[in-house]
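In what follows, a single structure is set out as structure tokens and then discussed.
Residue numbers begin at 1 in each chain, while the letters A, B, ... track the order of the sequences.
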Amino acid sequence: MKYNPKSVEKKWQERWRSSGLYKADLKSDEKPHYYNLVMFPYPSGDKLHIGHWYNYAPVDSWGRYMRMQGYNVFQPMGFDSFGLPAENYAIKTGIHPAETTKVNIDKMKDQISAIGGMYDLDLDMKTSSPDYYKWTQWIFLKLYKKGLAYKKAAPVNWCDSCCTVLANEQVDNGRCERCKSEVRRKNLTQWFFKITDYAERLLDYSNLDWPEKTIAMQKHWIGKSEGIEIDFPLADADAHVTCYTTRPDTIHSVTFLVIAPEHPLVDKLLKGSEYEKEVRRVQAEISKQNDIERMAEEGNAKIGAFLGKYAINPATGEKIPIYIANFVLMYGTGAVMADAHDQRDFEFAKKYDIPLKYVISPDGSERNPYEDEIAYTEDGILFNAGEFSGMKNREALSKIADWLEEKSIGKRKTHYKLRDWLISRQRYWGAPIPIIYCQSCGEIPVPESDLPVVHPHVENYMPKGKSPLADSAEFVNVNCPQCQQPAKREVDTMDTFVCSSWYFLRYLDAHNPDKAWSKELADKWMPVNMYVGGPEHACMHLLYARFIHKVMNELGLVESKEPFARLVHQGMITKDGAKMSKSKGNVVSPDEFVDKYGSDVFRMYLMFMGPFTQGGDWNDKGITGVARFVDRFYKIIKNPIENPSAVEDMDKLIHETVKRTKDAIEKMHFNIVIAALMELVNTAMKKGLSEEQKNIAIRILAPFAPHLAEELWEITGNKGSVFDASWPDYDPKMLESKTATYAVQVNGKLRATLELDKSIDKKSAIEKAKELENVKKFLKKGDLVKEIFVPNKIIAFVVKG
RNA sequence: GCCGAAGUGGCGGAACUGGUAGACGCGCGGGACUCAAAAUCCCGUUCUCCUCGGAGAGUGAGGGUUCGAUUCCCUCCUUCGGCACCA
């Protein structure tokens, strides 16, 4: 009889649910804890697609494996339900985001249930529910009180016709992606979290089992650099321009300064200047470019303007002109010293006819080896550099820095590229920021006892230049918590990354009305042992979560210093080489495959496609292979081929399979696990399995085909769930064999193979190999000059002539 | 441009620390079963020669180290991912 996945899977899912098999007892210390976490999904209208399955199914297999290794596995699942798509959908259709969110979550819950995973969906956790965002607001207040939340004006990309802020990626060539009207820079007062205070602490990755690549990306993002701030006095005023550089060795070649068009000095320097008109024109032009365009490599010329003023190069005493240019941004000091040894400065100087001066060449000779065509940016020997001439520039670097510090011209400084985290959004579908503005008391945080600040219902979500929450008079008008006089609420909402930066703590104590999380449980369960999600979150979510966690740690609210001990990124599933998206119309739904082949087959096929971290292009061609494997496995256990004489040989294979699959699982190479199980089945088809061997085989399979394994566990007469049994161990003695297969090579080419006893010595092994006909043939072709013997592997001869 | 990863049969992919390249699966070819087909089972399947024992070539391209290289080194090409013209 053939295996019927449909009825069997339904049966076991119901049993698991009714027995509460996978409910982790968070308070129990009976078994070691294992927090197995997958990044929670956004409840989109696209529902669950193959990419989600590719992510969730192997993580579930991992969790089941850990459970069978004796761990108390906690594997929750919730929803990141605030965000822009629901709001945009509401603008289009008028359906309230809360409603679409609920519909999408219900649908996705059904789909996740169909996987038949251990995911605990009963926690019913979503970031848009008041009992969750109450605590997001509470975290805001914690940061506020620690001085880590502040307001400042920041430039944003603004579209006048859409009346809204645009992300850099929504700006296309200076125009709004949606309505094509011109985008302008506009200053808005916004809330920030001071993540920059934690730059140094965030650079500590000790004890984190994370992909090297992700750590490298975060380090790059934080961007620590050791340099020096140098003051350039103005030629005709008692003021100076401070520039930051990591290359003080080039100070003698500095022939001009470039400051950001937004630099506060620009207005002062321009006062009554004949250059004002041109500078304003260039400023206006640059203001149309977003940061990405301003820094874009291709298709964007360097533009700038002379400010009509000069500074003094403190090293040479020379008068040098000051410019503004698009490529200098108002970060750090907003000013750079420019010279001939930087390609960007070099090009700018050529365009605006600014004289250049060289101070480095490969051999110290006074010329640019590239003949003035491109900048010489490599290292070399200094010349025209005063007392430093003749030194290697890298060696002179710190000496010049010392010299600048001694003369009080410069001061060494560590810079970080990391900017503070802009958390306010002028959007409806997000957690309200718990701040009240009072005419007499000023900016007042909402008292913790008044949380949550409930998200109001509004009629119109259309952006009008300010948050739609401003429409609700009931929401906006409150009494000041301090003086009880009429006051107004902050109407901006929080970035959804704030909501997702602590959800793993809430899972541990979901819906507790009195606390964000229980410290006791957090100390038992944190950090998350295994965290799996897409690599696109390397710099945002994963950095923000670490930041918030470190703040909570310093406040004594959690013991762990890091939220995620081990991190793995799953690969991306594409369709015909393209990312799946509704707009491209290439979203593949898992439902029809699950319906046709069952969850076990579908999940194993996804795992069989290739290494988990690699991803791949979706193609349903091979799924029949996995379906055949499942049928065979079922058949072997249920209708055994009786052949007792051969069954003994199977012992070795079974133990080999345990070892192979175990090694592959720990590396998350699930494709190898499935392949090894297929090999076992193929051999077992011929030779049969004993009852004991069947018992082991079922347990190896269980994490990957949980329904089938449970069914077979029951059929073979076992009591209870296979997931309460332990994953099998192998006996190393069983893997040993008396003989080894040697490859016999002549001049590096394989000429024969030879089965030899493992205890054989070099001399007799070589004798045996020499007797082989095909080896003799090639040995005759010249003089034997070398014999190589690698135990249990190779016998090689080198012949010359 | 810089940083990172990858490139292996018709396809997805395997190969531990330099030691028999192509496991496993799909597809394809042949056979068994069948009135027939599906399903299932068995055999074969990198390419080119061949006297059917084998021989030669072969892991993006070209060099190098080595008895031996998918694996190590150099140069180059292509694809994917990341980025910030950060001074």
query = Mapping A/Asp631 and A/Pro611 to their closest nucleotides on RNA chain B, which lands nearer the 5' end?
reply = A/Pro611
message = Does the structure place the NZ or CZ of A/Arg546 under 6.0 Å from the centre of the six-membered ring of A/Trp421, at an angle of no more than 45° from the ring's axis?
response = no
message = Main chain of A/Leu265, side chain of A/His263: is a donor-acceptor contact present, judged purely on distance under 3.5 Å?
response = yes
key: Sugar-phosphate only, base, or nothing, as touched by A/Asn682 at under 4.0 Å among non-hydrogen atoms   = sugar-phosphate
inquiry  = Over all strands shown, is A/Lys659 touching base, sugar-phosphate only, or nothing at heavy-atom distances under 4.0 angstrom?
reply    = nothing
query = Is it true that a side-chain atom of A/Asp345 and a backbone atom of A/Ala340 form a donor plus acceptor pair closer than 3.5 Å?
reply = no
Atom-to-atom span, CH2 of A/Trp618 to P of B/G13 - whole angstrom = 13 Å
request  = Take A/Gly748 and A/Met337, find for each the nucleotide of RNA chain B with the closest heavy atom, and name the residue whose nucleotide sits nearer the 5' end.
outcome  = A/Gly748
For the student: nearest non-hydrogen atoms of A/Asp249 and A/Val359, plus distance = O-CG2, 4.4 Å
query = Is the base of B/G81 syn or anti, where syn means the angle lies within 90° of 0?
reply = anti
query = Out of curiosity, A/Gln218 CD to A/Leu542 CG, how far, rounded to the nearest 0.5 Å?
reply = 6.0 Å
ask   = At under 4.0 Å between heavy atoms, what does A/Arg660 touch on the DNA or RNA strands: base, sugar-phosphate, or nothing?
value = nothing
key: Closest to side chain of A/Val798, choosing from B/U20, B/C67, B/A87   = B/C67
query = Expressed in whole Å, how much space separates the P atoms belonging to B/G12 and B/G1?
reply = 28 Å
request  = Look at all strands and tell whether A/Gln614 reaches a base, only sugar-phosphate, or nothing, counting heavy atoms closer than 4.0 Å.
outcome  = sugar-phosphate
message = From the set B/C24, B/A87, B/C26, return the single nucleotide nearest to any side-chain atom of A/Ala675.
response = B/C24
task = Using a heavy-atom cut-off of under 4.0 Å over every strand shown, decide if A/Phe348 touches base, sugar-phosphate, or nothing.
result = nothing
task = Look at the side chain of A/Arg628 and decide which nucleotide, out of B/A87, B/G27, B/G13, has an atom nearest to it.
result = B/G27
task = Assess the pair A/Tyr244 and A/His415: is the distance between their ring centroids shorter than 6.0 Å?
result = yes
inquiry  = Mind checking if A/Thr246 touches a base, just sugar-phosphate, or nothing, with heavy atoms under 4.0 Å?
reply    = sugar-phosphate
inquiry  = Quick check: do A/Ile251 and A/Ile230 have side-chain heavy atoms less than 4.5 Å from each other?
reply    = yes
inquiry  = So A/Asn774, base contact, sugar-phosphate only, or nothing? Heavy-atom distance under 4.0 Å.
reply    = sugar-phosphate
inquiry  = At a heavy-atom distance below 4.0 Å, what parts of residues 212-226 of chain A sit against RNA chain B?
reply    = A/Lys213, A/Met217, A/His220, A/Gly223
request  = Name the closest nucleotide to the A/Glu679 side chain, picking from B/A23, B/G27, B/U20.
outcome  = B/A23
C1' spacing across the pair B/G31 / B/U20, given as an integer number of angstrom = 30 Å
query = Looking for any heavy atom pair under 4.0 Å, which part of the strands does A/Gln745 touch: base, sugar-phosphate only, or nothing?
reply = base
request  = Determine which bases of RNA chain B form Watson-Crick or G-U wobble pairs with both distances under 3.5 Å, and write the result as a 5' to 3' dot-bracket string with | for other-strand partners.
outcome  = (((((((..(((......[....)))((((((.......))))))((((....))))..(((((..]....))))))))))))....
request  = Can you tell me, in whole Å, how much space there is between the P of B/A5 and that of B/C73?
outcome  = 12 Å
remark   = Against the side chain of A/Asn671, the closest entry in B/C24, B/G13, B/A84 is B/G13
inquiry  = Given the structure, check if the side chain of A/Glu536 and the base of B/G81 hold any donor-acceptor pair shorter than 3.5 Å.
reply    = no
ask   = At under 4.0 Å between heavy atoms, what does A/Thr741 touch on the DNA or RNA strands: base, sugar-phosphate, or nothing?
value = base
ask   = Judged by modelled atom types alone, do A/Arg419 and A/Thr196 share a side-chain donor-acceptor pair under 3.5 Å?
value = no
message = Do A/Arg751 and A/Phe778 form a cation-pi contact, if we require the NZ or CZ to be under 6.0 Å from the six-membered ring centre and within 45 degrees of the ring's axis?
response = yes
inquiry  = Regarding A/Thr613 and A/His569, do their side chains bring together a donor and an acceptor under 3.5 Å, going by distance alone?
reply    = no
note = Quick note, A/Leu329 side chain, CB onward, closest among B/C67, B/A15, B/C86 is B/C86
note = Against the side chain of A/Phe608, the closest entry in B/G12, B/C67, B/C41 is B/G12
